[in-house]
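Chain naming here is simple, since letters A, B, ... match the order of the sequence lines and numbering starts at 1 in each.
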Amino acid sequence: MERTCENGTLRKEDAGKTVTLVGWTARRRDLGALVFIDLRDRSGIVQVTFDETMADKVKDVRNEYVLQVKGTVCVRKEANPKMATGEIEIHAQEVTIINASDPLPIDLSDNSTSSEDTRLKYRYLDLRRPSLQANLFLRHRVCMIARNTLDKEGFVEVETPILARSTPEGARDYLVPSRIYNGKFWALPQSPQIYKQLLMIGGMEKYFQIARCFRDEDLRADRQPEFTQIDIEMSFGDEETIFATVENLMQEIFKGVKNYKLEDHFLRITWNECMRRFGSDKPDLRFGNEIQDLTPLFQNTEFQVFRNVIDNNGIVGAVKFEHAAGKYSRKALDKLQDFVKQGFKAKALAYLKMTGEELSGSIAKPLSEEEKKAVITKLDLKDDDLVLVIADQPRIVETALGALRVKLAHELDLIPHESCYKFLWVTEFPMFEWSEEEHRWVAAHHPFTAPKDEDVDKLLTDPEHCSSRAYDLVCNGYELLSGSIRIHDQALQEKVFEAIGLTPEKARDRFGFFLDAFKFGTPPHGGVGIGLERLTMILAGTDNIRDVVAFPTTNSSLDLMSEAPNTVDDAQLDVLGVAVKDKK
RNA sequence: GGUUCUUUGGAGUAGUGGCUUAUCUCGUCUCCCUGUCACGGAGAAGAUCACGAGUUCGAAUCUCGUAAGAACCGCCA
């Protein structure tokens with residue numbers, strides 16, 4: 001099919017050229033003997049005019065008809081400054097209606113928003129939306145830069161199996177029944193973790209993969225059941241080598257995509273400090289409002305609530321918001337209290353408001369004059385400042401105030417709208433977390449993560465206070481990547497398995513091949529998995545992962561377009577040796 | 001597993017117990033129009049108000065249940 005150029009690329013310099021264009025009818029303005037059609041392809045829109053000799057040929061054309069137009073590029077008498085191609089138009093000489101279109105069930109114009117489920121049902125139409133196409137182009141750019149940058153540094157892309165063995169630690173696996181071995185199952189990889197470590201043992205030294213990962217867990221605005229990681233692993237390095245590689249990669253991506261220069265080295269803080277200051281392991285550093293520990297001010301308090309909390313190893317935490325007291329009514333603050341009670345198990349939310357020199361609010365009365373003065377001095381309170389206070393167990397205080405910090409920053413518009421990217425390495429994550437369900441310690445990152453050298457002796461005796469060599473890279477409140485230095489010593493690996501309650505027999509059963517591999521000269525190694533969607537979201541300036549995935553699912557992992565998952569024929573089940581208990 | 005919110009012509013919405021024969025915008029259909037660009041003008045069609053039960057003299061509106069969507073908590077090594 002003849003096509004001489006893309007519609008959105010035409011400019012005044014092209015005037016006089018005869019061109020053949022193809023595309024979709026974005027909009028048609030019919031003035032009778034003169035018809036204008038905005039012809040859209042993926043590059044943009046150009047106005048085509050059909051004069052009295054041509055108007056008849058397009059009288060049946062409606063929105064989204066596919067056309068081929070031959071015509072001359074002409075300078076417009078009156079330019080449209082809102083269009084990239086607004087200085088020119090195409091005077092049509094020939095037109096072919098290539099295909100018709102029914103009226104669309106969704107509205108493609110940018111100022112309208114069809115509901116999320118209608119858009120997902122007709123995703124292939126929603127994809128015609130220029131903003132969505134731009135996101136997919138952006139994602140492509142990120143992948144291209146990642147490939148080129150890593151290639152230049154000697155990393156080799158290796159594909160690892162999608163049909164793999166289930167590794168019960170961690171997220172729930174998607175399972176695939178085996179036809180040849182009835183009763184046995186593949187698992188889709190949650191990440192290529194074990195394979196990339198085996199590649200290190202296999203002597204690849206520097207590996208990467210743009211890898212699809214699968215996790216059968218409940219979704220969020222930034223989580224889909226399948227997603228893509230820029231997966232990187234390297235031998236003979238340490239944190240410094242890996243951080244340098246990632247920082248360079250991020251710099252290249254932000255330069256290539258946004259022409260934005262990131263700082264040479266990203267900030268670093270330990271996990272403990274991060275939780276203390278921000279109540280989150282993925283803090284948004286585009287605004288301040290850090291959590292303050294007020295416990296020392298109330299050591300001798302007679303306020304019973306604080307007294308009880310402090311006597312039971314709790315803390316009193318606070319977050320200050322400047323010029324916010326007037327914006328939060330009693331009702332609004334009650335709502336915030338419900339938010340922390342329901343979401344974060346906090347028993348209550350107290351507040352203080354500064355009016356002139358005077359402190360008022362829910363706990364102003366029970367506090368002594370001395371204590372109030374101490375709070376004012378400690379938080380440097382000025383007129384109209386709002387202070388949210390929670391007294392409870394430390395982790396509850398931190399996470400609840402951390403969540404309020406983010407919530408109010410949004411409500412008070414404290415977050416810069418323009419391009420602003422605050423990167424942060426969070427290091428020394430805890431080695432283990434206590435699982436209430438399983439009544440055992442589980443790996444906080446994954447069980448192949450190396451402990452800090454000085455904590456190796458505490459693995460079995462004091463798992464709670466073991467720190468690991470795991471790290472996250474955080475940007476604007478998103479966990480952009482996770483990684484760690486891995487264990488490369490068989491004895492240490494077995495010890496960590498023991499710490500999470502895996503008996504040697506069970507460990508052998510689940511990871512035997514992996515443990516065996518450690519016996520044969522395993523190099524020290526470590527790496528990261530970068531969340532491609534989250535990175536693209538940040539670059540695209542959206543907070544919904546569906547905006548950067550071509551065919552996303554709903555919150556409940558349904559594809560509304562194809563209606564997957566769905567039933568299969570009994571014959572298909574038979575051959576797999578699978579029976580369905582309760583058909584819904 | 002839990003919490004909160006949402007569901008009204010093809011699309012987006014207004015409507016908090018009777019003022020409704022359900023509002024407006026876009027789209028659709030018919031006619032007019034040679035400089036529009038979210039074209040304009042005249043007219044028309046199109047909705048058992050997600051589904052089921054209940055309260056009431058009376059329900060799009062109140063209550064309960066079901067389904068679907070969204071955000072969050074748990075979960076996500």
Kindly say whether A/Ala171 contributes a backbone atom to a donor-acceptor pair with the side chain of A/Gln190 at under 3.5 angstrom?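 Yes.
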Answer yes or no: is there a donor N or O on one side and an acceptor on the other, between the side chain of A/Arg28 and the main chain of A/Val35, under 3.5 Å?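 No, because the side chain of A/Arg28 does not come within donor-acceptor range (under 3.5 Å) of the backbone of A/Val35.
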Write down the partner of B/rU63 under the Watson-Crick or G-U wobble criteria, each distance required to be under 3.5 Å.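 Answer to the pairing question: B/rA53, which forms a Watson-Crick or G-U pair with B/rU63.
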Pair assignment for B/rU28, Watson-Crick or G-U wobble, requiring both distances under 3.5 Å: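 Pairing partner: B/rA44.
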Scan nucleotides 68-73 of chain B nucleotide by nucleotide, 5' to 3', and note B when protein non-hydrogen atoms come under 4.0 Å of the base, S if they reach only the sugar-phosphate, - if neither. -SBBSB
Same-atom distance ([atom1]) from [N] to [M], integer angstrom:
{"N": "B/rA71", "M": "B/rC24", "atom1": "P", "answer": "33 Å"}
{"N": "B/rG15", "M": "B/rU4", "atom1": "P", "answer": "23 Å"}
{"N": "B/rC37", "M": "B/rC26", "atom1": "P", "answer": "14 Å"}
{"N": "B/rG9", "M": "B/rA47", "atom1": "C1'", "answer": "4 Å"}
{"N": "B/rG35", "M": "B/rG40", "atom1": "P", "answer": "14 Å"}
{"N": "B/rG18", "M": "B/rU63", "atom1": "P", "answer": "15 Å"}

Salt-bridged, A/Lys282 to A/Glu479, with N to O below 4.0 Å?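 The answer is no: the pair does not qualify as a salt bridge.
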Is the closest basic N to carboxylate O distance between A/Asp126 and A/Arg123 below 4.0 Å?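 Salt bridge between A/Asp126 and A/Arg123, a charged N being under 4.0 Å from a carboxylate O: yes.
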N/O donor-acceptor pair, side chain [X] with base [N], under 3.5 angstrom:
{"X": "A/Arg76", "N": "B/rC37", "answer": "yes"}
{"X": "A/Arg223", "N": "B/rC76", "answer": "yes"}
{"X": "A/Glu89", "N": "B/rG35", "answer": "yes"}

Whether the [X] and [Y] side chains hold a donor-acceptor pair (N or O, under 3.5 Å, no angle test) is what I'd like checked.
{"X": "A/Thr85", "Y": "A/Gln47", "value": "no"}
{"X": "A/Glu411", "Y": "A/Tyr328", "value": "yes"}
{"X": "A/Arg165", "Y": "A/Thr167", "value": "no"}

In whole Å, I'd like the distance from the [atom1] atom of [X] to the [atom2] atom of [N].
{"X": "A/Lys121", "N": "B/rA11", "atom1": "NZ", "atom2": "P", "answer": "9 Å"}
{"X": "A/Asp107", "N": "B/rG12", "atom1": "CG", "atom2": "P", "answer": "9 Å"}
{"X": "A/Gln47", "N": "B/rU36", "atom1": "CD", "atom2": "P", "answer": "10 Å"}
{"X": "A/Gln193", "N": "B/rC76", "atom1": "CD", "atom2": "C1'", "answer": "15 Å"}
{"X": "A/Tyr174", "N": "B/rC76", "atom1": "OH", "atom2": "P", "answer": "15 Å"}
{"X": "A/Asn80", "N": "B/rC39", "atom1": "CG", "atom2": "P", "answer": "11 Å"}
{"X": "A/Glu438", "N": "B/rC75", "atom1": "CD", "atom2": "P", "answer": "11 Å"}

Want to settle it: does A/Lys77 or A/Pro105 sit nearer the 5' end of RNA chain B, counting the closest nucleotide to each?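 Residue closer to the 5' terminus by nearest nucleotide: A/Pro105.
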Residue met sooner reading RNA chain B from 5', once A/Ile106 and A/Arg62 are mapped to nucleotides: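 Result: A/Ile106.
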Under 4.0 Å between a side-chain N or O of A/Arg29 and OP1 or OP2 of B/rU36?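 Answer is no, no contact under 4.0 Å.
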If only side-chain N and O atoms of A/Thr49 are considered, is one of them under 4.0 Å from the OP1 or OP2 phosphate oxygen of B/rG35?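 Answer is no, no contact under 4.0 Å.
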Nucleotide of B/rG12, B/rC76, B/rC33 approaching A/Leu31 most closely (side-chain heavy atoms):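 Among the listed nucleotides, the one closest to the side chain of A/Leu31 is B/rC33.
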Just say parallel, tilted or perpendicular for the rings of A/His446 and A/Phe448, cut-offs at 30° and 60°.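 It falls in the tilted class, 30° to 60°.
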A/Thr118 near the nucleic acid: base, sugar-phosphate alone, or nothing, with a heavy-atom cut-off under 4.0 Å?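 Contact class for A/Thr118: sugar-phosphate only.
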